[in-house]
Amino acid sequence: SAAGASPSGEHGHAKEGFFGLTLGSIGVVYGDIGTSPLYALKTAMEHARDHSQPEVAVIGIVSLLIWALFFVVTVKYVFFMMRADNRGEGGTLSLMALAQKAVGHRSRAIFLLGAAGAALFTGDAIITPAISVLSAVEGLNVVSPVFKPYVLPIAVIILVGLFAVQKHGTARVAAFFGPIMVIFFGVIGYLGLSHIADAPRILSAFNPAWGVGFLLGNGAAGFVTLGLVFLAVTGAEALYADMGHFGRRPIQVAWIVFVLPALVFNYLGQGALILQNPEAMKDPFYLLAPQWALIPLVILSTIATIIASQAVITGAFSLTSQAIQLGLLPRLEIQHTSETTEGQIFVPRVNRLILVGVLLLIFTFKTSENLANAYGIAVTATMVVTTSLAFFVVWKAWNWPLWTSILFIGFFLLIDVAFLAANFVKVLEGGWAPLVLAMLAIVTMWTWVRGTQLLFQKTHRDSIPTRDLIRMLEKSKPMRAPGTAIFLTSDPEVAPSALMHNIKHNHVVHARVIIMNVVTEPIPRVAADKRFEIEDFSADFKKITLHYGFMESPRVPAALASMRKAGVKFDIMTTSFFLGKRTLKTSPTSGMPGWQDSLYVALSRQSANATDFFSIPSDRVVELGAQVTI
């Protein structure tokens, strides 16, 4: 369930062939959902072990798995959600920005839904590597019980290695993702197909009456099983999130023609195997393979789970970058791992946090079956958020009548809420983990947004309007230094603190002064001809506004170079960038509780240097510091 970046992700891909894009989508988009057969049926069957009619339970659960794939993935995501794109981009924050734009103003409800979706993905990004890799390595238990003590250490070594290589970028590895996942889907599809003949009656699972009958005939137990069946569709969000990297058609074709048949064959094969031999219930995925093929299948499955984890980790980096641009998080250090591809980034702090979270989960839950209880809640809650945001798009952007929008979205929401409620039953058995992680992320984002808002209001209140300052300078005529000074500010209508300090302490104003403001627009990317706006405050004072999409990195020198091409006179060698460096202090009158004040100050200390964030040459920067209370 990558939420916004594929390891191979470059926007557009107009030059790549359709086949190449389809192959790439199989490698990146379907890694998570493709590894679900490792644990989905096994975990659901664990809860139906004591069922009085084993055949009804097996066919009923396989029917639920297949119809979950048909309805949730095919109908909802492949044919509906992929139409709700933000200029070709998908994912929770893209959808939030699209919904805000459709409504026409900053809606608190939409903002909270977007923040909740991004926070829930954090839980998903931590659980996916843990459950995927652990479930693959557990195949060694089927090979021989002698491997049991080594499963956990092997999984830990693989995961630590995976996070250690992130800083090198994923472009080289990504080239192998597609072909490896094609082999994986081909193998699991073939293994499943070869076992359907063991009990051909498993084909009656195509009749949804078996699934509905199992649910209705088993009361609370059937409801709990529904939550575990949902494990088959974890990763469906990735279809939508990675749309911008591969395009709608390649992802749709890959699913309908190749991935969906492979998954359906595999679940049918696992079901037929259990009907023929109930003992196979302990691990039906691996027992599909003949004894000689077990070790190769464990190795192939482990590689597939590493690929699934990679897509989620890269997605977490992309989501963090978008959240920073949208003002939900402080400016964390972002490293670009490719000179040609904007989307390939590495966020060291996020990488460390996810690794710590993954290891904590593995040592806490110890088996993939225990982790499965935690997994469903994060993904179902994310789907509820996505469907809720889609309502605003359908109603306002597509101009559907209100009642049609409510009925249409309500239908999908009913299914999502049913899955969520079924997963909530497992809160005490592990479901608390993603909820705690999501709550921490929501509190962090809420604190950052609230604190930044309060600080902005305070600065605006205590500052001199820019136009008033210019009029004062025209009267007092201070000393003018040669060259150009650029002052970066979030509010160009009031005099930047760095400009005020420069006048106060150095008693000097540069010959040309530019007040620069960087604005993030609610679209993925801004066209080159819409990058900048120039407004004259006076003959020697200008306001320049740079516009960036929420998926772009704000590189100021590159924007200035494009301005020079457009005829703006400008020389980087005679230009100084003045940045205000604020040291924040807590205040009892800030408007936030004390603990939130302290958290906001701590978060502000994590902010990357503005020089690095805006890619400004460090030898052209002057920083002027000040202590500010919130």
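Residue numbers count from 1 along this sequence.
- Between Ile154 and Phe147 there is no side-chain heavy-atom pair separated by less than 4.5 Å.
- The structure places CG of Leu355 at 9.0 Å from CG of Leu162, a figure rounded to the nearest 0.5 Å.
- A side-chain donor-acceptor contact under 3.5 Å links Gln252 to the backbone of Val78.
- Heavy atoms of other residues, nucleotides or ligands lying less than 6.0 angstrom from CZ of Phe163 number more than 12.
- To the nearest 0.5 angstrom, Ile59 atom CD1 is 9.5 Å from Leu203 atom CG.
- At least one side-chain heavy atom of Ser607 sits less than 4.5 Å from a side-chain heavy atom of Trp448.
- The two atoms that bring Leu120 and Ala438 nearest to each other are CD2-CB, 3.8 Å, heavy atoms only.
- Using a distance-only test at 3.5 Å, with no hydrogens or angles considered, no donor-acceptor pair links the side chain of Asn266 to the main chain of Ala262.
- Distance OG/Ser144 to CG/Leu294: 11.0 Å, rounded to 0.5 Å.
- Taking the six-membered ring where tryptophan is involved, the planes of Phe184 and Phe285 are tilted, since the angle between them lies from 30° to 60°.
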Could you check Asp283 against Asn141 for side chain to side chain contact (heavy atoms under 4.5 Å, CB included), going step by step and ending with a plain yes or no? CA-CA 9 Å; Asp283 205 328; Asn141 291 334; over 6 Å; no
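- Interatomic distance, Trp446 CH2 to Leu112 CG, rounded to the nearest 0.5 Å: 10.0 Å.
- A donor atom on one side chain and an acceptor atom on the other are found under 3.5 Å apart for Gln310 and Thr314.
- Side chains of Tyr375 and Thr128: a donor-acceptor N/O pair is present below 3.5 angstrom, by distance only.
- Between Tyr77 and Tyr240, the ring planes lie tilted relative to each other; the angle falls in the 30° to 60° range.
- Summarising the local packing, OH of Tyr150 is surrounded by 12 or fewer heavy atoms from other residues, nucleotides or ligands at distances under 6.0 Å.
- No donor-acceptor contact under 3.5 angstrom links the side chains of Glu333 and Gln606, judged on distance only.
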Steps toward side chain to side chain contact (heavy atoms under 4.5 Å, CB included) verdict (Phe550, Ser321): CA-CA 8 Å; Phe550 58 79; Ser321 172; over 6 Å; no
Full working for side chain to side chain contact (heavy atoms under 4.5 Å, CB included) between Phe121 and Thr92: CA-CA 9 Å; Phe121 179 76; Thr92 306; 5.8 Å; no
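- Atom NE2 of His195 sits about 10.5 Å away from atom CG of Asn277, to the nearest 0.5 Å.
- More than 12 heavy atoms of other residues, nucleotides or ligands lie within 6.0 Å of CZ in Phe365, so this atom counts as buried by the packing criterion.
- For Asp416, the salt bridge (Lys or Arg N to Asp or Glu O under 4.0 Å) test picks out Lys76, with sequence neighbours left out.
- The distance from atom CD1 of Ile274 to atom CD of Glu55, rounded to the nearest 0.5 Å, is 12.5 Å.
- Ring planes of Phe258 and Phe185: perpendicular class, angle over 60° (limits at 30 and 60°).
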Could you please spell out the steps behind the side chain to side chain contact (heavy atoms under 4.5 Å, CB included) verdict for Tyr286 and Ser301? CA-CA 10 Å; Tyr286 280 114; Ser301 301; 3.4 Å; yes
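- Proximity of Asn370 to Thr364: side-chain heavy atoms (C-beta onward) are nowhere separated by under 4.5 Å.
- At a cut-off of 3.5 Å, with distance as the only test, a side-chain donor of Glu138 or Ser368 sits close to an acceptor on the other residue.
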